[in-house]
S.K.: 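Sending over a structure as structure tokens; questions will come in a sec.
Just follow the structure's listing: the first ligand is 1, and inside any ligand the first atom is 1.
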Amino acid sequence: MTDIAAAVGTPFYVYSAATLTRHFRLFDEALDGMPHLVCFAMKSNSNLAVLKLLGDLGAGIDVVSGGEYRKARAAGVPGERIVFSGVGKTREEMRLALEGGIRQFNVESEPELDALNEVALSLGLRAPIALRVNPDVDAKTHAKIATGKSENKFGIPIATCREAYARAAKMDGIDVVGIDVHIGSQLTQLEPFEQAFTKVADLTEALREDGHDIRRLDLGGGLGIPYERSNEMPPLPVEYGDVIRRTVGHLGCEIEIEPGRLISGNAGILVSSLIYLKHGEGRDFLILDAAMNDLVRPSMYDAHHDIVPVIEPAAGAEQSTYDIVGPVCETGDTFAKGRAMPLLAEGDLVAFRSAGAYGAVMASEYNSRPLVPEVMVSGDQFAVIRPRPTFDEMINRDTIPVWL
Ligand SMILES: *Cc1c(COP(=O)(O)O)cnc(C)c1O
């Protein structure tokens with residue numbers, strides 16, 4: 001890590017190719033015996049190299065925008081392995097995916113269904129769809145990432161979706177292939193999944209009685225990861241796979257899942273260095289060169305990330321407690337409060353663990369800080385998979401009007 005820091009400069013993200021591979025295979029194996037496709041939710045980590053690695057392993061991709069669709073295709077993932085989610089797909093995005101090839105649209109509302117039908121008809125195509133149903137279950141996760149309660153903006157209420165399916169079946173531009181559900185992110189219990197999938201199984205039978213050929217079930221993503229080593233472990237992919245087998249396995253459907261965080265989260269860290277140790281009144285601050293613009297999860301979701309020195313201190317080394325902050329001019333630019341850390345010197349490297357998901361993808365250039373670079377390691381080699389922009393690049397992106 002010290003070598004990479006010397007070559008790239010801090011802060012930077014680094015992802016392990018081996019861990020990404022292992023996590024994808026855990027899901028793939030968890031669904032063994034059922035026809036299935038594991039679609040990586042690329043909103044968690046959309047670097048082209050990450051997509052290429054997973055695509056080459058046979059992964060599908062869950063995209064939520066036209067930009068993500070283009071990126072997945074640019075990484076070599078064929079359209080028939082791409083599912084398109086999201087509540088606000090524009091007609092332009094629909095056209096892009098229909099023309100380029102798409103496995104299925106996960107449709108989230110009736111107006112979206114009408115629009116997709118129109119666009120498909122105008123192209124002389126039929127759009128394969130699943131309706132995203134909102135099962136009204138409590139995912140028991142952070143409110144900002146719960147999506148399966150009736151008050152959330154996502155999906156069509158499960159109680160009224162039979163009517164929506166009946167309408168969809170009459171549309172010449174629409175081919176109903178299945179049902180989609182996604183109840184939230186960072187779930188640490190299996191019970192909400194079990195509840196939701198059971199409702200999907202009942203719905204499958206009801207819709208088949210209505211004459212629909214339900215042949216595919218997209219069960220979403222959301223399985224959580226341990227952000228604190230000391231905490232209880234969330235369920236394993238194999239246990240999650242067992243819930244799927246038990247709840248919907250008898251239906252003979254092809255199963256799709258859309259894990260993001262569990263594949264990319266613990267495959268990445270954010271490496272930063274200490275700028276200053278500042279003694280404040282009653283508290284000491286570690287001021288790092290990473291900030292909320294590089295990793296927004298702590299300020300946005302009150303998320304915990306373990307932060308550890310890159311060079312492990314000797315056993316029994318002295319510790320102190322610190323507030324760990326970045327240089328951005330916001331009080332919210334705080335990564336941790338009262339965190340016990342070994343004594344550090346200026347320039348020492350620290351690593352934020354579990355930073356591979358919803359890290360670099362949410363980074364910004366707030367405070368005109370260059371977008372944080374990304375690195376991939378594989379065995380003893382590493383490569384910069386997104387360089388840090390130069391200040392000239394950043395400045396030249398803006399243009400001054402001629403009349404100014
Ligand atoms: C965010 C999202 C996912 C991935 O969630 P994770 O918690 O990262 O597994 C999957 N599907 C949809 C529709 C999403 O919005």
S.K.: Salt-bridge test for R25 and D28: reply yes if a basic N is under 4.0 Å from a carboxylate O, no otherwise.
M.R.: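 So R25 does not pair with D28 through a salt bridge.
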S.K.: Does NZ or CZ of R297 lie under 6.0 Å from the centre of the six-membered ring of F352, at an angle within 45° of the ring axis?
M.R.: no
S.K.: Please check if any side-chain donor atom of D218 sits under 3.5 Å from a side-chain acceptor atom of N106, or the reverse.
M.R.: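 On atom types as modelled, these side chains qualify, holding a pair under 3.5 Å.
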S.K.: For a quick check under 3.5 Å, do E374 and Y15 share a side-chain donor-acceptor pair by atom type?
M.R.: yes
S.K.: Find the distance between CD1 (I179) and CD1 (I214) and round it off to the nearest 0.5 Å.
M.R.: 5.0 Å
S.K.: Let me know which protein residues bring a heavy atom to under 4.0 Å of ligand 1; chain then number is fine for ordering.
M.R.: A41, K43, D62, S85, R132, H182, S185, Q186, G221, G222, E258, P259, G260, R261, Y358
S.K.: Is the shortest side-chain N to carboxylate O distance from D175 to R216 below 4.0 Å?
M.R.: no
